[in-house]
Amino acid sequence: MVLVASAGRAQTMYDGAKFTDRELNGTARFVGMGGAMGALGGDISTIATNPAGIGIYRSSDFMTSFGFSAYGTETNYNGTKLNNDNTRFSYDNIGAVFSSKIGNYSSLRYVNFGFNYKRAASFYNNTRMQGLLNLGPGGEIVSQTYQMAVQAAGATTDDLSGAQAYRNRDIGWLSAFGYQGYLLNPAGDNRYNSVLEELGSRPYADFYSEERGGIDQYDFNVAFNFNDRVYLGFTIGAYDVDYSKYSAYDEDFGDNLGYRIESYNNITGAGFDFKLGAIFRPFEYSPLRVGVAIHTPVFYKLTSEREAYLYSDYEYDGVRDRESISTYDDLGGRLDALEYRLRTPWKYNLSLGYTVGKELALGAEYEYQDYSTMKFNKTSGDEMQWETSTADVMLKGVNTLRVGAEYKVIPQFAIRLGYNYTSSAFKSDAEKALGLTGAITDTDYTNTTSKNDYTMGIGYRGELFYADLAYKYSSYKGDFYAFADPDQYLHKTKLTNTRSQVLFTLGLRF
């Protein structure tokens with residue numbers, strides 16, 4: 001039912017999940033402690049987790065952070081292993097806190113204002129898989145062309161022919177590629193069969209993709225300190241999205257027959273949210289702190305632009321030829337563009353902090369976000385039922401646990417350790433269902449499993465100047481598929497993604 005419903009033009013719940021996810025990033029101190037500082041506060045990066053953390057400040061602060069990352073992606077399809085490794089520098093964070101003391105005898109002790117920029121998510125990733133596609137349990141051939149045939153069902157051959165097919169909002173681009181590239185044969189009653197049913201060959205697949213861009217986050221905060229026991233904070237967040245993806249998928253049928261699809265997708269836009277937070281010291285003479293925070297959904301307005309190319313080598317009535325199609329040319333020298341709105345899920349945060357003297361600080365944090373509640377809407381306000389319903393069916397709640405510790409060897413020098421666990425957002429049977437319509441031709445998707453971050457760091461604190469260094473190792477596994485097989489015979493490609501990041505923060509407190 002999911003595969004044959006009517007869909008939108010250029011977005012899926014996989015895009016929504018990508019724009020909802022956040023990385024552990026910020027200052028080197030924050031990252032070194034695994035981000036478990038929601039109740040401890042006193043670091044600019046808590047502006048994005050628990051806004052009340054800015055209320056802990058008793059002096060003004062200015063800082064900036066730089067990073068270097070090494071990325072690695074390994075895929076394994078039926079024993080064929082491929083690796084892609086890359087490195088890049090990044091500018092991760094800049095922020096300031098302005099602390100204003102009200103007095104020692106009033107209930108309100110401090111009013112603090114903060115601003116922070118950080119790289120909330122990086123989409124930098126290269127993926128490659130290849131191998132002879134497996135057969136089904138009864139020897140059935142597996143191919144992307146069967147996904148084309150399912151999408152083409154119900155369309156006439158006239159609907160699928162010519163440049164007008166890519167202008168018709170009721171026709172899927174993938175099905176038009178299949179028919180115009182001689183990869184589908186009419187089977188009567190507006191139904192179609194894969195050409196492989198006639199050829200009987202087993203395809204060799206080759207996939208490659210490059211993803212770039214990220215999410216920039218800008219947070220504006222005000223926080224209050226009441227009696228050095230209750231801290232309240234409010235943050236307005238602004239987000240800038242820039243995501244681009246290039247992918248190329250080949251199927252070689254043998255005997256110099258086969259096809260290649262190249263897809264280009266660019267999504268840009270902006271969004272905003274609100275965050276409320278509080279920190280309490282429930283016992284007057286105890287260093288225990290309890291933090292709570294709630295984040296509204298991020299309200300995004302996004303624009304998706306797509307183009308795609310097909311190169312097909314085929315044989316028809318004994319004659320061999322090559323078909324080349326450009327949606328950019330067929331649309332009159334333009335991209336297919338769609339504006340839409342995305343509302344991410346609410347986020348709930350609970351944290352604990354405890355200090356032992358002035359030497360040891362311990363933090364723990366739990367966060368929950370139900371990805372299945374994300375909503376897609378047209379700019380007119382009407383709900384995009386296909387995208388919203390697939391998110392509801394295929395996504396689930398995400399649990400995040402953070403723990404961290406900081407120990408001051410001497411008052412000026414500290415060492416830190418941290419750990420993050422984030423559960424998967426995808427149900428085991430989730431897939432990139434395209435529906436009967438849509439401009440999507442990059443059919444690949446990955447159902448990631450849980451993610452783990454391991455962190456460590458060191459820091460120096462002088463009277464005015466401070467410097468922190470942190471190392472983060474992130475890893476997750478996933479099940480990658482080059483396309484959604486209607487019969488679910490396609491074997492998963494085992495994917496392992498790792499990232500090593502070094503962060504360096506310089507700051508002044510005054």
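Reckoned from all heavy atoms, side chains included, excluding hydrogens, waters and symmetry mates.
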Between [X] and [Y], does the ring centre distance come in under 6.0 Å?
X    : Y    : result
Y300 : Y340 : no
Y259 : Y311 : no
F220 : F115 : yes
F66  : Y91  : yes

request  = Kindly say whether N266 contributes a backbone atom to a donor-acceptor pair with the side chain of E305 at under 3.5 angstrom?
outcome  =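 Side chain of E305 to backbone of N266: no pair is present.
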request  = Would you check if the side chain of S247 reaches a backbone N or O of S209 as a donor-acceptor pair within less than 3.5 Å?
outcome  =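 A pair under 3.5 Å: no.
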Can a side-chain donor-acceptor contact be found between [Y] and [X] if the only test is distance below 3.5 angstrom?
X    : Y    : value
E251 : S143 : yes
T344 : T20  : no
Y309 : T327 : no
S475 : N452 : no
T27  : N93  : no

Heavy atoms of other groups near [X] [atom1], more than 12 under 6.0 Å:
X    : atom1 : result
D189 : CG    : no
K396 : NZ    : yes
Q385 : CD    : no
K477 : NZ    : no
R191 : CZ    : no
Q488 : CD    : no
K427 : NZ    : yes

Considering all heavy atoms, the nearest [X]-[Y] contact:
X    : Y    : value
Q180 : G162 : NE2-O, 3.1 Å
Y239 : R22  : CE2-NH2, 3.6 Å
M384 : L338 : CE-CD2, 4.4 Å
P345 : T373 : CB-OG1, 3.4 Å
Y481 : K492 : OH-CB, 3.3 Å
G131 : Y77  : CA-CD2, 4.1 Å

task = Check the pair T448 / S424 against side chain to side chain donor-acceptor pair (under 3.5 Å), numbers first and verdict last.
result = CA-CA 6 Å; T448 58; S424 172; 4.7 Å; no
message = I'd like to check the side-chain contact (heavy atoms from CB on, under 4.5 Å) partners of L199; sequence neighbours left out, ordered by chain and number.
response =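 V195, L196, S201, F253, L257.
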key: Partner set under side-chain hydrogen bond (donor to acceptor under 3.5 Å, both in side chains) for Y179, not counting sequence neighbours   =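 If we apply the side-chain hydrogen bond (donor to acceptor under 3.5 Å, both in side chains) test to Y179, skipping adjacent residues, there are no hits.
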Within this structure, what is the [atom1]-[atom2] distance for the pair [X] and [Y], rounded to the nearest 0.5 Å?
X    : Y    : atom1 : atom2 : answer
K18  : L342 : NZ    : CG    : 13.0 Å
I47  : N116 : CD1   : CG    : 5.5 Å
H491 : L135 : NE2   : CG    : 8.5 Å
L395 : S372 : CG    : OG    : 7.0 Å
S423 : N399 : OG    : CG    : 4.5 Å

Which label fits [X] and [Y]: parallel for a plane angle under 30°, tilted from 30 to 60°, or perpendicular past 60°?
X    : Y    : answer
Y243 : F19  : perpendicular
F272 : F274 : perpendicular
Y166 : W173 : perpendicular

Charged N to carboxylate O under 4.0 angstrom, [X] versus [Y]?
X    : Y    : result
R260 : D250 : yes
D15  : K432 : no
K118 : D92  : no
D330 : R167 : no

message = Going by ring-ring contact (aromatic ring centres under 6.0 Å, His included), F480 matches just one of Y14, F426, F207. Which one?
response =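 That would be F207.
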Pair N76-T493, side chain to side chain contact (heavy atoms under 4.5 Å, CB included): steps then yes or no = CA-CA 5 Å; N76 183 345; T493 299; 5.6 Å; no
Not counting sequence neighbours, which residues clear salt bridge (Lys or Arg N to Asp or Glu O under 4.0 Å) with [X]? List them please.
X    : result
K275 : D219, D273
R119 : D216
D252 : none
R499 : E23

message = If you apply the rule salt bridge (Lys or Arg N to Asp or Glu O under 4.0 Å), what do you find for D479 with K494, and how did you get there?
response = CA-CA 5 Å; D479 298 333; K494 297 178 182 178; over 6 Å; no
request  = Check each of D453, N497, T455, N420 against S474 using the side chain to side chain donor-acceptor pair (under 3.5 Å) test, and report the only one that passes.
outcome  =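 Exactly one candidate clears the test, D453.
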Single hit among T46, N221, T49 for side chain to side chain donor-acceptor pair (under 3.5 Å) with T235 =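 Of the listed residues T46, N221, T49, the side chain to side chain donor-acceptor pair (under 3.5 Å) partner of T235 is N221.
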key: Residue that, paired with T73, satisfies side chain to side chain contact (heavy atoms under 4.5 Å, CB included) out of T496, D85, T127   =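 The side chain to side chain contact (heavy atoms under 4.5 Å, CB included) with T73 is passed solely by T127 among T496, D85, T127.
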task = Under the salt bridge (Lys or Arg N to Asp or Glu O under 4.0 Å) rule, what do D442 and R306 come out as? Steps first, then yes or no, please.
result = CA-CA 10 Å; D442 55 324; R306 286 184 180 267; 2.7 Å; yes
request  = Go through the steps to decide whether S312 and Y182 satisfy the test side chain to side chain donor-acceptor pair (under 3.5 Å), and finish with yes or no.
outcome  = CA-CA 8 Å; S312 175; Y182 296 88; over 6 Å; no
request  = Go through the steps to decide whether Y368 and Y348 satisfy the test ring-ring contact (aromatic ring centres under 6.0 Å, His included), and finish with yes or no.
outcome  = CA-CA 5 Å; Y368 179 77; Y348 308 94; 7.1 Å; no
task = Kindly determine whether E367 and N349 satisfy side chain to side chain donor-acceptor pair (under 3.5 Å), including the steps that lead there.
result = CA-CA 4 Å; E367 202 165 74; N349 182 288; 3.0 Å; yes
